[in-house]
Peer 1: 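Can you read through this structure? Questions will come right after.
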Amino acid sequence: MLAVKQLAAAYGKIQVLHGIDLQVQEGEIVAIIGSNGAGKSTTLKSILGELKPTAGAVEFLGDAITGCAVSGVIKKGIAIVPEGRQIFPHLTVWENLLMGGYMNYFRNRKEVIERAEEMLDLFPRLKERLKVKAGTVSGGEQQMAAVGRALMSRPKLLMLDEPTLGLAPNIVDNLFTIIADLNQKGLTVLLVEQKAYRALEVSHRTYAIETGKVVVEGKSADLLGDSYVKEVYLGQVS
Ligand SMILES: Nc1ncnc2c1ncn2[C@@H]1O[C@H](COP(=O)(O)OP(=O)(O)O)[C@@H](O)[C@H]1O
Ligand SMILES: [Mg+2]
């Protein structure tokens, strides 16, 4: 579904990604782990078109999307839950959901509203929070609103950038259950996560990125037992 080939990216003159190769097959949950500053968010931004790659290619469903505008990439079926959620704090939870459908809102308001209502079936907790300013709801509720907003465009591939950051452990469980459920229903997922153990548990395959390069890749179940991964990412001495 997604093929990232020798992707390179820079901020100004500072090269941050040095030839990333990764693939996501339809139906998979693929995780990207790696330490702070490794280039995980930059990889997602380069896929989404927020950052123009300096080299390499991104293909989605067989089409080159390298350097396409973000709106075009979203139309093709990729959505992102960005790092830090980035909900609109002064808009209500309901308005935040609608924002995910803004590209269609003026053309087909009814469809956008129906889709937002579907998001409430998915996240029933949000029903009681609809009219509340999103900046005042709990971190977990904000994350649900952010996931719901991303799903408004009916993506085929959902990318999540450290969705569990700052969430209590039981909320993290809840979020991973939701991600696994969505995957069961056919959504393909690319998950950036610093909590390596949780990422390996929830995903089918994992890539570890360090200083802009893939250093480890494999089936997540295998990596859970890999001595290098255990030592470097899981903090276990083997
Ligand atoms: N907007 C930016 N301008 C300049 N450098 C940046 C910017 N964003 C990230 N970087 C740098 O790029 C590198 C990779 O960052 P990032 O992709 O955010 O890492 P990660 O998401 O893995 O923590 C880091 O060294 C970071 O300091
Ligand atoms: Mg990041």
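Just so you know, ligand 1 is whichever comes first in the structure, and atom 1 is the first atom listed for that ligand.
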Peer 1: Taking atom types as modelled and ignoring hydrogens, do the side chains of Thr42 and Tyr11 form a donor-acceptor contact shorter than 3.5 angstrom?
Peer 2: yes
Peer 1: Look at ligand 1 and say whether Ser35 reaches it with a heavy atom at a distance under 4.0 Å.
Peer 2: yes
Peer 1: Counting non-hydrogen protein atoms only, what is the nearest one to atom 10 (N) of ligand 1? Give residue, atom name and distance.
Peer 2: Tyr11 CE1, 3.3 Å
Peer 1: From atom 6 (C) of ligand 1, is the closest protein heavy-atom distance below 4.0 Å?
Peer 2: yes
Peer 1: Any atoms of ligand 1 less than 4.0 Å from a non-hydrogen atom of Asn36? List them with their elements.
Peer 2: 23 (O)
Peer 1: Could you tell me whether the side chain of Val24 reaches within less than 4.5 Å of the side chain of Ile29, counting heavy atoms only?
Peer 2: no
Peer 1: Does a side chain donor of either Lys195 or Thr164 reach within less than 3.5 Å of an acceptor in the other side chain?
Peer 2: yes
Peer 1: If you scan the protein for heavy atoms around atom 19 (O) of ligand 1, do you find one that is closer than 4.0 Å?
Peer 2: yes
Peer 1: Hey, is ligand 1 close enough to Val16 that some N/O pair sits below 3.5 Å?
Peer 2: no
Peer 1: Does a side-chain heavy-atom distance below 4.5 Å link Pro163 with Glu193?
Peer 2: yes
Peer 1: Please list, in number order, the atoms of ligand 1 under 4.0 Å from a heavy atom of Ala38.
Peer 2: 19 (O), 20 (P), 22 (O)
Peer 1: Give the atoms of ligand 1, by number and element, whose distance to some non-hydrogen atom of Thr42 is under 4.0 Å.
Peer 2: 14 (C), 15 (O), 16 (P), 17 (O)
Peer 1: Quick check on Gly34 - does any of its heavy atoms sit under 4.0 Å from an atom of ligand 1?
Peer 2: no
Peer 1: Kindly confirm whether the Mg ion (ligand 2) is within less than 2.8 Å of some N/O/S atom in Ser41?
Peer 2: yes
Peer 1: Are side-chain N/O atoms of Ser35 and Glu210 paired as donor and acceptor at under 3.5 Å?
Peer 2: yes
Peer 1: Is Asp173 paired with Arg198 through a side-chain N to carboxylate O contact shorter than 4.0 Å?
Peer 2: yes
Peer 1: What protein heavy atom is closest to atom 23 (O) of ligand 1, reported as residue, atom name and distance in Å?
Peer 2: Gly37 N, 2.7 Å
Peer 1: Can Thr43 and Ser46 be counted as having a side-chain donor-acceptor contact under 3.5 angstrom?
Peer 2: no
Peer 1: Show your reasoning for whether side-chain contact (heavy atoms from CB on, under 4.5 Å) applies to Leu160 and Ile179.
Peer 2: CA-CA 10 Å; Leu160 301 113; Ile179 291 170; 4.2 Å; yes
Peer 1: Any idea which atoms of ligand 1 are less than 4.0 Å away from a heavy-atom of Ser41?
Peer 2: 17 (O), 18 (O), 20 (P), 21 (O)
Peer 1: For Glu83 and Ser41, test the side chains for any donor-to-acceptor distance below 3.5 angstrom and give the result as yes or no.
Peer 2: yes
Peer 1: Any N or O of Glu83 that comes nearer than 3.5 Å to an N or O of ligand 1?
Peer 2: no
